[in-house]
Engineer: 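Handing you a structure now.
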Amino acid sequence: MALLKLFKERVEARPAPGVFRPAARGAFRALGLAATAARGEVFDAASAVRLALKLGVRKTFEADAAWLFGPAARGESDVRDAVGRLSEPAQRARERLFWFHARAPHAPARTVAELARAVDALLAGEGPEALHDAALLSLCGLLRLDPTLHDPEAWRRAFELWRRLFACEEFWSLLVAADLKGDYEQPVTFGEVEELRQDAPRVVSAHVAAFGGEAARRGRLRVAARAASLLRGAGLPVALLREYENELVGPAEDAVTEELAGAFAWVEGPGFGARTDATRRNHCNEAWRKFDKLRPRLAEFVELAGEDSYATRRVFEQAASKLLRLAVSFEEAGRRPEALFVCRTALALAPPGSDETHAVEARLVALGAGEESRAPSWGGYAGALAGEASAERSASKLFRDDLKGDKTVAAVSDASDTHGCLTTAAVYAVFVLACFGLQWCGVIKTRPLRTPTGPPPTMNIRPNLNFVIPNMNYTIPPPLNLRPYTEPPPRGTRQPGTGKRRRRREEVPVPPPTVERVRNANATPRE
């Protein structure tokens with residue numbers, strides 16, 4: 001039961017998904033203190049919370065701000081961890097930065113407008129503590145009320161308050177003075193405070209960067225662009241902003257590049273040149289229609305990556321290269337008007353000074369359009385790029401399929417085929433009318449049979465109990481004539497290995513040994 005109770009407390013004290021975790025799991029919040037508490041207040045609060053735990057009472061404080069962070073974690077391990085963090089100087093300064101110096105707001109704000117009024121009330125105070133509490137409340141409240149960045153203006157205001165706080169030298173000196181007044185054994189140094197000052201922007205902007213990166217990976221470029229715009233206006237360090245931009249723009253660039261390659265897959269595929277002119281024209285028309293549908297995606301990518309970024313230059317260089325290849329295909333298929341139209345679109349999207357720009361201009365001259373060019377400056381190109389990417393150029397007499405050529409897969413499987421839908425509906429209508437006509441003429445009968453309305457017939461369900469007893473006179477067979485076990489078995493029925501006769505060996509007489517005398521040649525013969 002003790003383990004279940006501890007697990008329940010842990011689950012209830014876990015911060016909600018849309019909360020600012022450095023404040024929700026803060027040491028001063030766990031002890032019910034303000035961020036300016038002294039050393040004696042820390043030990044007294046820890047003793048009071050431990051005593052309440054021994055008595056089985058869950059201690060709560062008015063300054064917990066449960067509407068912002070959820071229930072506070074105040075187990076034995078949480079109290080021990082809070083005291084340990086406040087005993088270390090650099091960690092104590094971090095805890096002061098991410099908790100309220102005055103009393104935490106206990107009145108809940110249910111909308112972003114109510115949160116803005118609460119922030120204005122804190123800003124009415126004097127000193128850097130009021131600015132700090134207002135910035136912290138604005139960030140924590142938006143994480144709770146608007147975690148999906150639907151109100152960019154409120155987020156911009158929150159980042160503006162934090163930017164002012166980062167630039168306020170008086171506040172960072174206040175962190176050192178609070179340690180000296182609190183009579184701590186090891187007060188924080190200015191070097192540790194400066195290190196915290198450099199690391200704080202990453203903590204403040206972590207949620208917006210993570211949300212924008214997830215949106216970019218899922219292909220939601222407009223939401224990712226909104227997050228990127230907030231990060232660019234947050235006054236972040238240059239290195240941190242470049243890191244965030246790479247995390248946001250990288251997945252989006254891969255997605256857009258893959259979509260461009262898919263749009264022109266048939267034109268660049270093997271065996272395309274061996275097809276007839278009519279078939280090649282149909283495939284080129286389909287590639288242009290697919291690219292035309294990608295224009296909003298290109299505009300969203302420009303908004304995300306920025307007009308003057310290298311990612312934008314790479315993507316539009318590839319788009320211009322694909323369009324140039326499409327124009328060449330149109331020209332080879334005998335369609336000069338479409339080739340000229342596509343070349344002009346490629347020239348508008350190609351970055352100034354790139355190889356694609358010179359190649360497109362040369363192709364326009366070859367098509368007889370003269371020397372068409374635009375402003376070579378990068379500023380003019382960047383200003384008109386988003387509008388050019390999202391514009392839809394319509395050509396009423398161009399990009400029409402040839403009936404002599406083969407249809408593309410997209411044209412066959414197009415769900416918006418009006419003629420096919422009308423034909424299918426007409427066939428079903430004729431079928432239904434034919435069924436009704438055959439029924440009216442009496443050829444087919446589809447009317448259901450009428451069921452009798454009277455009571456069901458009676459059924460004789462009495463069982464027959466006249467059982468015939470079978471004949472039980474069984475003839476018992478005679479008993480088996482079994483010989484007793486004491487009688488020896490007959491001669492031919494002996495088991496192998498039992499009662500064997502041992503054969504006696506016949507004694508053969510052995511003759512005595514003969515002794516042969518060996519005559520010595522050197523011996524003297526006997527007389």
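Values below: every heavy atom of this structure, side chains too, minus hydrogens, waters and symmetry copies.
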Engineer: Hey, is the main chain of Val49 close enough, under 3.5 Å, to the side chain of Arg74 for a donor-acceptor pair?
Structural biologist: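 Not a single qualifying donor-acceptor pair exists.
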Engineer: Measure centre to centre between the rings of Trp288 and Phe341, then say whether the value is under 6.0 Å.
Structural biologist: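 Yes: the rings meet the under 6.0 Å criterion.
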Engineer: Working note: Val208 + Tyr244, criterion side-chain contact (heavy atoms from CB on, under 4.5 Å); need CA distance, chi angles, decisive distance, verdict.
Structural biologist: CA-CA 10 Å; Val208 177; Tyr244 283 157; over 6 Å; no
Engineer: Quick one: CD on Glu338 to SG on Cys284, what's the gap to the nearest 0.5 Å?
Structural biologist: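 That separation rounds to 9.0 Å.
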Engineer: Just verifying a value: how many Å separate Leu142 CG and Leu137 CG, rounded to the nearest 0.5 Å?
Structural biologist: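 Nearest 0.5 Å value for the CG-CG distance: 9.0 Å.
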Engineer: Taking the side chain as every heavy atom from C-beta outward, state whether Glu245 and Arg232 have any pair of such atoms under 4.5 Å apart.
Structural biologist: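 The answer is yes, as the side chains (C-beta and beyond) meet within the 4.5 Å cut-off.
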Engineer: Which pair of non-hydrogen atoms, one from Val315 and one from Val256, has the smallest distance, and what is that distance?
Structural biologist: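 Taking every non-hydrogen atom into account, CG1-CG1, 3.9 Å.
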Engineer: Please enumerate all residues that pass salt bridge (charged side-chain N to carboxylate O under 4.0 Å, His left out) together with Arg197, with sequence neighbours excluded.
Structural biologist: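 Testing Arg197 for salt bridge (charged side-chain N to carboxylate O under 4.0 Å, His left out), a comparison that skips the adjacent residues, returns Glu169, Glu194.
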Engineer: Looking at Leu323 and Ala346, what are the two nearest heavy atoms and their distance?
Structural biologist: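 Nearest pair, atom of Leu323 first, then Ala346: CB-CB, 3.6 Å.
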Engineer: Would you check if the side chain of Glu129 reaches a backbone N or O of His101 as a donor-acceptor pair within less than 3.5 Å?
Structural biologist: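 Checked: no pair found.
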Engineer: Dump the intermediate steps for side-chain contact (heavy atoms from CB on, under 4.5 Å) on Phe28 and Arg96, then the final yes or no.
Structural biologist: CA-CA 8 Å; Phe28 288 107; Arg96 291 187 193 276; 3.9 Å; yes
Engineer: With side chains defined as the heavy atoms from C-beta onward, is the minimum distance between Leu31 and Val79 less than 4.5 Å?
Structural biologist: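 Yes, close enough: below the 4.5 Å cut-off.
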Engineer: Given 3.5 Å as the limit, does a donor-acceptor pair link the side chain of Asp78 with the main chain of Ala30, or not?
Structural biologist: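 Judged by distance alone, no pair lies under 3.5 Å.
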Engineer: Is there a donor-acceptor pair under 3.5 Å between the side chain of Thr312 and the backbone N or O of Gly306?
Structural biologist: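 Present.
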Engineer: Tell me, with the steps shown, if Glu286 and Arg289 meet salt bridge (charged side-chain N to carboxylate O under 4.0 Å, His left out).
Structural biologist: CA-CA 5 Å; Glu286 183 62 30; Arg289 285 191 287 266; 3.1 Å; yes
Engineer: Please tell me if the side chains of Leu143 and Trp155 come closer than 4.5 Å, counting only heavy atoms from C-beta onward.
Structural biologist: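 When only atoms from C-beta onward are counted, Trp155 and Leu143 do touch, with a gap below 4.5 Å.
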Engineer: Tell me whether Glu160 is salt-bridged to Arg156, with the criterion being a basic N under 4.0 Å from an acidic carboxylate O.
Structural biologist: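 No, Glu160 and Arg156 are not salt-bridged.
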Engineer: Check the pair Leu196 / Val188 against side-chain contact (heavy atoms from CB on, under 4.5 Å), numbers first and verdict last.
Structural biologist: CA-CA 11 Å; Leu196 174 63; Val188 67; over 6 Å; no
Engineer: Can you name the side-chain contact (heavy atoms from CB on, under 4.5 Å) partners of Arg217, sequence neighbours left out?
Structural biologist: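 Per chain and number, Arg217 pairs via side-chain contact (heavy atoms from CB on, under 4.5 Å) with Glu214, Pro251.
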Engineer: Is there a side-chain contact between Leu236 and Phe159 in this structure, where contact means two heavy atoms from C-beta onward sitting under 4.5 Å apart?
Structural biologist: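 Leu236 does not reach Phe159 side chain to side chain.
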Engineer: What is the distance from atom OG1 of Thr148 to atom CG of Asp146, rounded to the nearest 0.5 Å?
Structural biologist: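 The OG1 atom of Thr148 sits 5.0 Å away from the CG atom of Asp146.
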Engineer: Return the minimal non-hydrogen interatomic distance between Trp67 and Pro108, and the atom names on each side.
Structural biologist: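 Scanning both residues completely, I find the closest heavy atoms to be CD2-CA, 3.5 Å.
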Engineer: When the ring planes of Phe98 and Phe20 are compared, do they come out parallel, tilted or perpendicular, using 30° and 60° as the limits?
Structural biologist: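 If you compare the ring of Phe98 with that of Phe20, the planes turn out perpendicular.
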Engineer: With the side chain counted from C-beta on, respond yes when Glu95 and Arg92 share a heavy-atom pair under 4.5 Å apart, and no when they do not.
Structural biologist: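 Side-chain contact under 4.5 Å: no.
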Engineer: Just say parallel, tilted or perpendicular for the rings of Phe171 and His132, cut-offs at 30° and 60°.
Structural biologist: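 Ring orientation of Phe171 relative to His132: parallel.
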Engineer: What I'd like to find out is whether the side chain of Thr189 reaches to under 4.5 Å of the side chain of Pro89, using heavy atoms alone.
Structural biologist: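 Side chain of Thr189 against side chain of Pro89, heavy atoms only: no contact under 4.5 Å found.
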Engineer: Going through the distances and angles, do Leu145 and Asp151 end up as a side-chain contact (heavy atoms from CB on, under 4.5 Å)?
Structural biologist: CA-CA 10 Å; Leu145 300 175; Asp151 195 344; over 6 Å; no
Engineer: Does atom CZ of Arg336 have more than 12 heavy-atom neighbours from other groups under 6.0 Å away?
Structural biologist: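 Atom CZ in Arg336 is packed in, count exceeds 12.
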Engineer: Return the CG to SG distance between Leu367 and Cys343, rounded to the nearest 0.5 Å.
Structural biologist: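 One gets 5.5 Å once the value is rounded to the nearest 0.5 Å.
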Engineer: Say whether, by atom type as modelled, one donor and one acceptor occur between the side chain of Arg335 and the main chain of Phe330 under 3.5 angstrom.
Structural biologist: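 No, the answer is negative, given that no donor and acceptor are paired below the 3.5 Å cut-off.
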Engineer: Can you see which heavy atom on Leu231 is nearest to which on Ser205, and at what distance?
Structural biologist: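 Smallest heavy-atom distance, with atoms named: CD2-CB, 3.9 Å.
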Engineer: So which heavy atom on Pro128 is nearest to which on Cys168, and how close?
Structural biologist: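 Distance-wise, the nearest heavy atoms are CB-SG, 4.1 Å.
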Engineer: Return each pair, listed once, that meets side-chain hydrogen bond (donor to acceptor under 3.5 Å, both in side chains) where at least one residue sits in residues 113-123; pairs must be two or more places apart or across chains.
Structural biologist: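 Counting only pairs at least two positions apart or across chains, the side-chain hydrogen bond (donor to acceptor under 3.5 Å, both in side chains) contacts touching residues 113-123 are Asp120-Arg157.
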Engineer: Considering non-hydrogen atoms only, spot the tightest contact between Glu356 and Ala320 and give its length.
Structural biologist: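 Minimum heavy-atom contact is CB-CB, 4.1 Å.
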Engineer: Considering only heavy atoms from C-beta outward, does the side chain of Val249 approach that of Ser309 to under 4.5 Å?
Structural biologist: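 A side-chain contact is absent here, since even the closest heavy-atom pair is not under 4.5 Å.
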Engineer: Between the side chain of Ser138 and the main-chain N/O of Ala135, is any donor-acceptor distance below 3.5 Å?
Structural biologist: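 Looks like no, no N/O pair under 3.5 Å.
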Engineer: Quick check: does any side chain N or O of Arg144 sit under 3.5 Å from a backbone N or O of Phe69, one acting as donor and the other as acceptor?
Structural biologist: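 No, Arg144 side chain to Phe69 backbone: no donor-acceptor pair under 3.5 Å.
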Engineer: Once you round to the nearest 0.5 Å, how far does CG of Leu131 lie from CH2 of Trp162?
Structural biologist: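 If we round to the nearest 0.5 Å, Leu131:CG and Trp162:CH2 are 9.5 Å apart.
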Engineer: Check the pair Ser321 / Arg325 against side-chain hydrogen bond (donor to acceptor under 3.5 Å, both in side chains), numbers first and verdict last.
Structural biologist: CA-CA 6 Å; Ser321 176; Arg325 178 69 180 87; over 6 Å; no
Engineer: When rounded to the nearest 0.5 angstrom, what is the spacing between CG in Leu324 and OG1 in Thr345?
Structural biologist: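 Output value for this atom pair is 12.0 Å.
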Engineer: Check whether any side-chain heavy atom of Arg94 sits under 4.5 Å from a side-chain heavy atom of Asp199, and report yes or no.
Structural biologist: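 A side-chain contact exists here, since the closest heavy-atom pair is under 4.5 Å.
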Engineer: Is there a donor-acceptor pair closer than 3.5 Å between any side-chain N or O of Asp81 and the backbone N or O of Ser77?
Structural biologist: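 Not a single qualifying donor-acceptor pair exists.
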Engineer: Would the number of heavy atoms belonging to other residues, nucleotides or ligands and lying under 6.0 Å from CD of Glu195 be above 12?
Structural biologist: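 Atom CD in Glu195 is not crowded, with 12 or fewer foreign heavy atoms closer than 6.0 Å.
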